[in-house]
Amino acid sequence: MAYDLCMDRLEGIIRIQKEYLDMLIAENPILVTGYTKEEMLSKLCTAIIQEACELQNLTNWKWWKQSKKEFDIEEAREELIDIMHFVIHAAILLGMDAEMIFNEYMRKNMINRERVKNGY
């Protein structure tokens, strides 16, 4: 039952992202059209990297810095969701639905577990 609920939620996220992309294209088509899949995927990768840097900047990763700032978990969550928006957009671009995302996740998870067992 938990699997079905998660899949329903992931399907919902994908549907909402598709609706958002349709809205984005209607309002400003140049932002996401006119690129090959490879070009758009490259742009999404850049966005994911930049959002990950924004998330990292919320942490005290500069170990050499004397002054430390308080970690803002709410802002960190927002940055993580920004990353997720671009990841889901990339999944849509690659023709992935919720089931395919789940299956690929499970496949890769099993590989990673085997690596841990084998001292990777």
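Quick note: numbers below take in every heavy atom, side chains included, and nothing from hydrogens, waters or symmetry partners.
Heavy atoms of other residues, nucleotides or ligands lying less than 6.0 angstrom from CD1 of I30 number 12 at most. Counted within 6.0 Å of OH on Y120, heavy atoms from surrounding residues, nucleotides or ligands total 12 or fewer; the atom is thus considered open.
Residues satisfying the ring-ring contact (aromatic ring centres under 6.0 Å, His included) criterion with W63, sequence neighbours excluded, are absent altogether.
Taken to the nearest 0.5 Å, the NZ atom of K43 stands 14.0 Å off from the CD1 atom of I48. Here CD of E70 is found 10.0 Å from CG of N60. Values are rounded to the nearest 0.5 Å. We find the CD-SG distance between E79 and C53 to be 10.5 Å, quoted to the nearest 0.5 Å. Put simply, CD on E51 and CD on Q56 are 13.5 Å apart, with the number rounded to the nearest 0.5 Å. The distance from atom CE of M100 to atom CD1 of I14, rounded to the nearest 0.5 Å, is 10.5 Å.
Panel note: side chain N28, backbone L24; no donor-acceptor pair is recorded below 3.5 Å. In this structure, K68 contributes its side chain and K65 its backbone to a donor-acceptor pair below 3.5 Å. A donor-acceptor pair is defined here as one N or O able to donate and one able to accept, closer than 3.5 Å; such a pair exists between the side chain of T46 and the backbone of S42. Remark: the backbone N or O of L58 is not paired with any side-chain donor or acceptor of D72 at under 3.5 angstrom.
Both M23 and L93 belong to a single network of hydrophobic side chains, linked directly or stepwise wherever heavy atoms of I, L, V, M, F, W or Y lie under 4.5 Å apart. Under a hydrophobic clustering in which Ile, Leu, Val, Met, Phe, Trp and Tyr are joined whenever their side-chain heavy atoms come within less than 4.5 Å, directly or via other members, I16 and F86 fall into different clusters. Residue L94 is grouped with residue I25 when hydrophobic side chains (ILVMFWY) are merged at heavy-atom distances under 4.5 angstrom, including chains of intermediate members. Cluster membership for L41 and Y20, using ILVMFWY side-chain heavy atoms within less than 4.5 angstrom, is shared.
Side-chain N/O atoms of R113 and N109 include a donor and acceptor closer than 3.5 Å.
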- request: Run the numbers on E99 and F102 for side-chain contact (heavy atoms from CB on, under 4.5 Å), then give the verdict.
  value: CA-CA 5 Å; E99 185 172 1; F102 179 83; 5.7 Å; no

message: Set out, in order, the CA-CA distance, both residues' side-chain angles and the distance that settles side-chain contact (heavy atoms from CB on, under 4.5 Å) for M84 and I13, then state yes or no.
response: CA-CA 10 Å; M84 194 170 157; I13 288 170; 3.5 Å; yes

message: Would D97 and I92 count as a side-chain contact (heavy atoms from CB on, under 4.5 Å) here? Give the steps.
response: CA-CA 7 Å; D97 61 11; I92 292 166; over 6 Å; no

Intermediate values then yes/no, side-chain contact (heavy atoms from CB on, under 4.5 Å), E39 and T36: CA-CA 5 Å; E39 290 168 335; T36 66; 3.2 Å; yes

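Of all non-hydrogen atoms in L55 and A76, the two that sit nearest each other are CD1-O, 3.4 Å. Across every non-hydrogen atom of N57 and W61, the tightest pair is OD1-NE1, 3.2 Å.
The existence of a salt bridge linking E19 and R15 is confirmed by a sub-4.0 Å separation between a basic side-chain nitrogen and an acidic carboxylate oxygen.
Screening L80, I81, I73 against R77 for a side-chain contact (heavy atoms from CB on, under 4.5 Å) leaves a single residue, I73.
Residues I88 and L10 are in side-chain contact: their nearest non-hydrogen atoms beyond the backbone lie under 4.5 Å apart.
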